[in-house]
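Chain A is the first sequence line, chain B the second, and so forth, proteins listed ahead of strands; every chain is numbered from 1.
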There are 2 protein chains.
Amino acid sequence: MSRREEAKEFNRARIRAAAEEIIRTEGMEKLTMRRLAEQADVSLRTPYNLFGSKTDVLISLMEEAEFELSPLGAGDENLTIIEQLLGSLDRIEAFFESDEEYFRGIYASIMASDHPEARETAVLRSVGLACVRLRQAAENGELVPDTDTDNLGKHLAIQLLAVLGMWGSGFFSNRESITQVRQSWCAALLQHCSETSRPLITAAYRAAIESKG
Amino acid sequence: MSRREEAKEFNRARIRAAAEEIIRTEGMEKLTMRRLAEQADVSLRTPYNLFGSKTDVLISLMEEAEFELSPLGAGDENLTIIEQLLGSLDRIEAFFESDEEYFRGIYASIMASDHPEARETAVLRSVGLACVRLRQAAENGELVPDTDTDNLGKHLAIQLLAVLGMWGSGFFSNRESITQVRQSWCAALLQHCSETSRPLITAAYRAAIESKG
DNA sequence: AGCATTTTTATAACATGTGTCAATTTTCTT
DNA sequence: AAGAAAATTGACACATGTTATAAAAATGCT
């Protein structure tokens with residue numbers, strides 16, 4: 001990395017750190033570009049040069065925290081794909097739980113911005129991940145053979161992102177959001193699962209419903 | 001209505017009409033409060049006096065168009081409750097379809113605004129409507145007796161609003177959004193329906209999936 | 001070292017939603 | 001008709017995201 005790129009990366013890091021500091025100590029409302037520039041000790045223009053927009057700064061904060069819905073992609077290999085998928089919701093919940101106010105503020109701000117690319121890339125990425133997982137599940141015999149895995153994957157991903165959108169707007173708690181997703185995922189999967197995986201999903205569905213009371 | 005109230009109502013109507021005119025002819029981006037005041041031939045302050053905020057003007061436009069998710073509440077009485085519920089999605093779709101660009105712009109703008117009350121009242125209203133309908137369905141024997149209708153109603157309403165939120169952000173077409181909702185509604189209902197209503201819902205689910213191709 | 005290129009800075013500006021405040025117009029009450 | 005109350009207006013102000021412009025600084029290249 002050239003010295004120029006190094007300096008830019010250093011400044012980017014400084015700006016991210018400043019943004020996080022402001023959000024944590026003063027709250028999201030206080031994160032203005034002028035305040036951010038001051039805290040990061042750069043000029044007002046620099047965040048625009050290095051990120052593009054305020055929304056891009058926030059997206060960068062999310063990425064730094066390694067939140068890319070990547071939990072959808074990984075899991076304990078001893079479990080079935082469907083178990084891993086349902087388990088990924090726990091990981092997403094834990095991620096948000098680890099720092100609820102912070103992430104909710106950022107997420108809400110990104111989603112409310114008029115930069116639709118942000119939402120669009122999130123949708124595409126998670127749809128892609130979900131489709132891959134479902135194809136694997138189908139190959140594993142966890143789904144009925146004629147399942148349209150692309151459709152189902154898309155459906156599941158959309159359920160997730162749609163509910164997360166509402167989570168961001170503050171209407172639901174972490175747990176309640178994830179429970180909603182779990183309920184809809186189970187219901188959808190139950191339409192396409194093979195008999196071997198049905199008991200597991202049924203149990204998860206029941207658990208989701210009961211955890212609401 | 002006193003003359004004072006009459007005048008206010010007249011001005012409100014004028015402002016709504018001006019807003020609609022601007023949105024239709026110049027697009028949502030051009031709808032600024034200054035432009036609106038000019039078009040309505042009132043002062044910049046008046047829309048604030050009469051509506052409260054820009055978001056409130058937009059909400060008023062939606063209400064004027066009689067979009068309050070009220071389709072959830074009504075339906076052909078010759079049909080079962082579940083048929084009516086599924087049919088209400090057609091009406092919502094038709095409503096948006098009737099003037100897609102116009103309503104999408106307004107909806108997106110309302111949802112993206114930092115007036116969370118807007119989203120909150122929408123959620124509460126539709127949750128309430130859905131719960132009422134499901135209670136009726138349960139009484140009708142369309143659902144299994146031990147169904148938690150409040151939970152299921154809330155779930156359905158959230159599915160609808162969450163997907164509509166994504167619709168507003170432009171990612172889906174009208175049809176695709178409603179199809180997503182239909183798919184998740186059917187899947188959820190199939191977990192709780194009685195045997196008499198099952199064939200109908202199964203058919204609706206199949207239709208939803210196939211209409212995606 | 002010296003010149004060219006890229007970045008950052010400083011300062012100002014712009015558009016927008018929203019608020020203030022006094023003056024003015026309209027409506028209500030009597 | 002006259003005074004009181006309410007609504008509208010106009011001019012201005014403020015905070016914010018964003019952009020423009022030119023000067024200054026840092027870096028790359030020879």
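- In this entry the distance linking CD of B:E6 with C1' of C:dT26 reads 14 Å, nearest Å.
- One finds a side-chain N or O of B:H115 lying less than 4.0 angstrom from the OP1 or OP2 phosphate oxygen of C:dT18.
- The side chain of A:N49 has C:dT8 as its nearest neighbour among C:dT8, D:dA7, D:dT27.
- As rounded to whole Å, 12 Å separates atom P of C:dT16 from atom CE of B:M33.
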Requested in this report: Check the pair B:R34, B:E38 against side-chain contact (heavy atoms from CB on, under 4.5 Å), reporting the backbone distance first and the verdict last.
Outcome: CA-CA 6 Å; B:R34 287 166 180 81; B:E38 180 197 59; over 6 Å; no
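- Taking atom CD of B:E5 as the reference point, atom C1' of D:dA5 lies 14 Å away to the nearest angstrom.
- The aromatic ring centres of A:F96 and A:W167 sit less than 6.0 Å apart.
- Nucleotide D:dT18 holds its P atom 16 Å from the CD atom of B:E29, rounded to whole Å.
- An OP1 or OP2 oxygen of D:dA7 is reached within less than 4.0 angstrom by no side-chain nitrogen or oxygen of B:N11.
- Comparing atom distances between the B:R3 side chain and each of D:dT18, C:dT18, C:dT27 picks out C:dT27 as nearest.
- A:T46 has a side-chain polar atom (N or O) that falls below the 4.0 Å cut-off from OP1 or OP2 of C:dT9.
- The phosphate of C:dC28 has OP1 or OP2 within less than 4.0 Å of a side-chain N or O from B:S2.
- For D:dA7, one of the phosphate oxygens OP1 or OP2 lies less than 4.0 angstrom from a side-chain nitrogen or oxygen of B:K8.
- One atom, CZ of B:R34, and another, C1' of D:dG10, lie 13 Å apart when rounded to the nearest Å.
- The base of C:dT16 does not come close enough to the side chain of B:R35 for any donor and acceptor atom to sit less than 3.5 Å apart.
- Where B:G52 and A:S43 each meet DNA chain C at their nearest nucleotide, the meeting point lying more 5' is that of A:S43.
- Around CD of B:E100, the count of heavy atoms belonging to other residues, nucleotides or ligands within 6.0 Å exceeds 12.
- Counting heavy atoms from C-beta on, the side chains of B:I158 and A:F172 come closer than 4.5 Å.
- Counting heavy atoms from C-beta on, the side chains of A:R182 and A:E93 come closer than 4.5 Å.
- For the pair B:D56 CG and C:dG19 C1', the computed distance is 16 Å after rounding to whole Å.
- One atom, CG of A:D41, and another, C1' of C:dT8, lie 12 Å apart when rounded to the nearest Å.
- Both A:L31 and A:R45 lie close to DNA chain D; mapped to their nearest nucleotides by heavy-atom distance, the more 5′-ward contact belongs to A:L31.
- Remark: P of C:dT26 and CZ of B:R4 are 12 Å apart, rounded to the nearest angstrom.
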